[in-house]
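What follows is one structure encoded as structure tokens, with my remarks underneath.
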Amino acid sequence: RRRKKRPVAAVPPTSPPAHNTRSRTKAAAKAASGPAHNLRETKARAKHIERIAKAKAKAETKRPQRRIERRIKRLENEIHQALAVMDKSSGKMLNYRQLMRHPTYKKTWSLSSANEFGRLANGVGGRIKNPTNTIKFIRKDEVPHDRRKDVTYGQFVCSVRPEKAEPNRTRFTVGGDRINYPGEVATPTAEMLVAKMLFNSVVSTPGAKFMTMDISNFYLMTPLKRPEYIRMKLTDIPDEIINEYKLREKATPDGSIYIVANRGMYGLPQAGLLANELLEKRLNKNGYHQSKLVPGLWKHDTRPIQFTLVVDDFGVKYEGEEHALHLKQTLEQHYKVTTDWTGTRYIGITLDWDYVRRQVHLSMPGYVAKALKQFQHTMPTRKQHSPYPSTKIEYGAKKQYATQASTAPPLDKKGKKFIQQVCGKFLFLGRAVDSTLLCPISAIASQSATPTEDTMRQTKQLLDYVASQEEAVITYQASEMKLAAHSDASYLSEPKARSRAGGHFFLSNGADIPPNNGAILNIAHIIKHVMSSATEAELAALYIMAREAVYIRIILEEMGHPQPPTPLQTDNSMADGVVNSKITPKRTKAMDMRFHWLRDRECQEQFRIYWRPGKQNYADYWTKHHPAKHHTNIRRQFITPYLMVEMLRQEQNQNKLAAAAA
């Protein structure tokens, strides 16, 4: 029997032509049934349409937000680059252009900017006595064709420097990142450690005193080996300069003016080195020479005088006023020099000298208040005495596990930049006077590449801490200038199974157990490699401290203070036994280099490593995060109460009044 063919449904004319029977059947069924009966397919289509609608709405709402974020980022970069000035009423940071438009600050900073151009060029309004002729305004066609690719930009650095003769300082700087200079550009300068050791040397040397000198326009007096060319807008130049130098006649149609620099300027990569080399030649003729081992440390061949040089600031230790006058007269032959015989401020640190008790107090008054205003941080309702969340102690625990990394949500770019700015701002304070900030800043900075909400909470706690404490003061007392150091480590105390090393360096006498003094250096360092045991962590800490002590010993010997074997204290008996050859380890491949290096240095009589209990180890403070009570008790061991400084100033003022009345 033949099978009967099934009737085929007619295909609507709107459907595409079918190529075979099966496709015609499916097309007809689909057309007849209307919308798809597959529930899964329907939901998928609905979700797809919903996602598209949400994406469009999100893009429309984010457009103005992105514009605002780009604008804020641009302004923040300008403020960061220009070292902006804080508005006292609002606490906002204002850069050069904002200051020039501000109704309150426009007149003051226009005058400051005009004076800067007058110093660089050929004077302005008859106010500049000795202009430097560093720059000259030129037309565009005066720039050589082979140098037009090297034309850079100019920007303004505004800052308030109360210790200077002109407190409102505007500095015209050159964009050095676009200059391709073929020669060397590195400039030797003294670091803070060298300056602190010089302060100790002053109070430890009978009859010695301290003063500061400042060379005005130091970079602007050095001839360049080749001219540099700058382009800038007329709108950034004060009207007084535009009118006096007739700049509109030399400007391009787009309102730009070209400048040629024939002498050193701020921002030129070669300016610092050229100025330093010229200064060195001039000082060498008069018997002053820079140390070959310690950059920035100078002394005279025969006179009892030493000084540290940081850019153009001199910190001078002298024994007899005639020797300081000799240095001053030598500099005045070539530079304009400002002197401060009291030596109350150097490299941003306020110094209160007590030559009677042979002490000096270091502080930075107002630094914290200004920083808190800059970050818009309000005072906490309750005082915070712990700069970082403390690690809870588990009593009776038989095993120690590594600290777990944070699982909190990550921060955006703005939060990341805020954390980095806070760390950078208070790191200088921690290195200068308040060493209690070093450990929390180290922990926060280690997370700054990928910060989370936990990192932001830790940063806020740090700000609460500095806002709750009084002004930090560190005191140096007279000593025999013998270096001593304490070393300690905490095992597995940081995320990723890292350990932390802490160090406390101070200058004391030659006793077996040297008495404490103000710290010249504190170290709060996360050990890069994973330590396999607490002993290895302690050995790594000893290695780090000994390595720093080698350079400090060189500085002291260059200053004229010979060093016996440096006592280096540890609280780990195993590490002490390994270094002093009391214990012979069998399997120490991971730490061979460190303990052999320490053994060799001890055999050379550079160090004397000894053991003392942990409670007597000052370095323990910088190895872990302690509770608030511990911070309150320990802080007074390293930080002098600010009341002592106020009493000293009151006593000195009364002595001055009594001397004037007599």
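All heavy atoms count here, side chains included; hydrogens, waters and symmetry mates do not.
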Could you give the distance from CH2 (Trp298) to CG (Leu327), rounded to the nearest 0.5 Å? 10.5 Å
Run the side chain to side chain donor-acceptor pair (under 3.5 Å) test on Ser448 and Lys416 for me, step by step, so that the C-alpha distance in whole Å, both residues' side-chain angles and the decisive distance to 0.1 Å come before the verdict. CA-CA 6 Å; Ser448 60; Lys416 177 181 178 179; over 6 Å; no
Testing the basics here: between Ala432 and Lys196, what is the closest heavy-atom pair and its distance to 0.1 Å? O-NZ, 2.8 Å
Counting neighbours of CZ on Arg431 that are heavy atoms of other residues, nucleotides or ligands and sit closer than 6.0 Å, is the number greater than 12? no
Are any of the side-chain heavy atoms of Asn200 and Asn517 separated by less than 4.5 Å? yes
Could you pull out all residues at least two apart from Asp177 that satisfy side-chain hydrogen bond (donor to acceptor under 3.5 Å, both in side chains)? Tyr153
Counting only N and O atoms by type, is there a donor-acceptor contact under 3.5 Å from the side chain of Ser204 to the main-chain atoms of Ala478? no
Electrostatic pair Lys281:Glu277 at N-O distance under 4.0 angstrom: no
Is Lys246 close enough and on-axis enough to Phe137, meaning under 6.0 Å and within 45°, for cation-pi? no
Cation-pi check for Phe156 against Arg97: NZ or CZ below 6.0 Å from the six-membered ring centre and within 45 degrees of the axis, yes or no? no
With a 4.5 Å heavy-atom cut-off, do Met197 and Ile552 have their side chains touching? yes
side-chain hydrogen bond (donor to acceptor under 3.5 Å, both in side chains) partners for Tyr266, two or more places apart: none
Do Phe506 and Ser479 come close enough that some side-chain heavy atom pair is under 4.5 Å? no
Under 3.5 Å side-chain donor-acceptor pair for Thr134 and Thr132: yes
Do Lys106 and Leu99 make a side-chain contact, defined as non-hydrogen atoms from C-beta onward lying under 4.5 Å apart? no
If you define the side chain from C-beta out and look only at heavy atoms, does anything of Tyr258 sit under 4.5 Å from Val260? no
Quick check: do Val360 and Tyr355 have side-chain heavy atoms less than 4.5 Å from each other? no
For the aromatic rings, using the six-membered ring if either is Trp, is the centroid distance between Trp597 and Tyr543 under 6.0 Å? yes
Identify the heavy atoms of Pro227 and Arg147 that sit nearest to each other, and give their distance. O-NH1, 3.0 Å
Could you walk me through whether Arg226 and Glu228 satisfy the salt bridge (charged side-chain N to carboxylate O under 4.0 Å, His left out) test, starting with their C-alpha distance in whole Å, then the side-chain angles of each, then the deciding distance to 0.1 Å, before giving a yes or no? CA-CA 7 Å; Arg226 69 170 192 178; Glu228 302 292 348; 2.9 Å; yes
Taking atom CD of Glu332 as the centre, report whether more than 12 heavy atoms of other residues, nucleotides or ligands fall under 6.0 Å from it. yes
Between Gln98 and Asn95, is there a donor-acceptor pair closer than 3.5 Å when you use the side chain of the first and the backbone of the second? yes
Counting only heavy atoms not in Lys370 (residues, nucleotides, ligands), do more than 12 fall under 6.0 Å from its NZ? no
Evaluate the criterion side chain to side chain donor-acceptor pair (under 3.5 Å) for residue pair Arg282 and Tyr335; output intermediate values, then yes/no. CA-CA 11 Å; Arg282 292 168 173 173; Tyr335 308 96; 3.0 Å; yes
Do Ile179 and Asp150 come close enough that some side-chain heavy atom pair is under 4.5 Å? no
Chi angles and distances behind the side chain to side chain donor-acceptor pair (under 3.5 Å) call for Thr170, Glu116: CA-CA 6 Å; Thr170 299; Glu116 173 67 4; over 6 Å; no
In this structure, is the centre-to-centre distance between the rings of Phe307 and Phe314 below 6.0 Å? yes
Any idea how Phe375 and Phe426 line up, ring-wise: parallel (<30°), tilted (30 to 60°), or perpendicular (>60°)? tilted
Side-chain donor/acceptor of Lys299 to backbone N/O of Glu558, under 3.5 Å: yes
What do you reckon, are the aromatic ring centroids of Trp622 and His504 less than 6.0 Å apart? yes
Tell me if the centroids of the rings in Tyr288 and His326 come within less than 6.0 Å of each other. yes
Do Phe117 and Ile242 come within less than 4.5 Å of each other through their side chains, counting heavy atoms only? no
Checking Leu111 now: which residues fulfil side chain to side chain contact (heavy atoms under 4.5 Å, CB included) with it, not counting sequence neighbours? Asn115, Arg127
